[in-house]
Structures are given as structure tokens and as C-alpha cells.
Amino acid sequence: MTISLKVKGRLWGLIACHHRSPKPICSPAFEIYELLGRYASLQLAHCLELEQTALAAGTEAMLARLTSEVQSSPDPGAVMLACERDTLS
């Protein structure tokens with residue numbers, strides 16, 4: 001049995017359940033598993049959205065700091081090199 005995890009209508013992952021011998025699943029249980037899969041998909045989409053928002057905020061903050069430092073520095077090239085070193089380390 002597999003339960004699909006979907007984000008924005010696209011398959012993101014699967015929950016796979018295996019056993020050595022076939023295990024019949026009654027309809028109510030199957031519906032519950034499908035519902036859990038949908039709930040997990042919604043939670044996953046929410047977590048991914050929060051992560052994307054945090055990443056965008058961090059990028060904007062870094063760009064604002066860099067812009068400010070470049071504008072106030074007598075040597076903008078040195079600021080850019082220092083930022084590159086900080087970003088890569």
C-alpha cells in the first residue's frame with residue numbers, strides 16, 4: 001500500500017507500507033489512510049512555504065546590508081569580496 005504526498009498538485013513523496021504476506025485493508029481504514037495522506041501533504045506544503053518565506057527574508061536582509069555597506073564604503077570592491085568570502089564559508 002502507498003499513500004501519496006502531494007504539494008501543489010504534484011507528487012512530492014510516498015509513504016510505502018509493505019509486509020511479507022498480503023494484508024487486506026477494509027474500506028474505512030483505507031479512507032482514513034488517504035485522509036492522513038492529505039493532512040500530511042497540507043502540513044508539508046505549509047512547512048515548505050514557511051521555509052521559502054524565511055529564505056526570502058534572509059536573502060532580502062543580506063542584500064539590504066550589502067547595499068548599505070557598498071554605498072557607505074570608500075572601497076566597494078573590498079566589501080563585495082568580503083561578502084563573497086562570508087557567503088561561501
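Just the heavy atoms: all of them, side chains too, but no hydrogens, waters or symmetry mates, feed the values below. Heads up: numbering here begins at 1 and tracks the sequence.
From S4, atom OG reaches atom CZ of R10 across 14.0 Å, with rounding to the nearest 0.5 Å. Between atom NZ of residue K6 and atom CG of residue L44 there is a gap of 13.5 Å, rounded to the nearest 0.5 Å. A distance of 10.5 Å separates CG of L48 from OG1 of T53, quoted to the nearest 0.5 Å.
Residues meeting the side-chain contact (heavy atoms from CB on, under 4.5 Å) test with K23, sequence neighbours left out: H19, S21. Remark: E69 pairs with R65 by the salt bridge (Lys or Arg N to Asp or Glu O under 4.0 Å) rule, at least two apart or across chains.
Listed here is the closest heavy atom pair of I25 and A29: CG2-CB, 3.9 Å.
Put simply, the side chain of S68 never gets that close to the backbone of A64: no donor and acceptor are under 3.5 Å apart.
Applying the salt bridge (Lys or Arg N to Asp or Glu O under 4.0 Å) test to every pair with at least one member in residues 42-51, sequence neighbours left out, gives no pairs at all.
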Show me the donor-acceptor pairs, under 3.5 Å and distance only, between side chains in residues 32-39 and residues at least two apart or in other chains.
none

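Both F30 and I3 are members of a single hydrophobic cluster when ILVMFWY side chains are connected at heavy-atom separations under 4.5 Å.
Its side chain within the 4.5 Å cluster rule, L66 clusters with V70, V79, M80 among the Ile, Leu, Val, Met, Phe, Trp and Tyr residues. In this structure, L11 belongs to a hydrophobic cluster whose other members, linked by side-chain heavy atoms under 4.5 Å apart, are L14.
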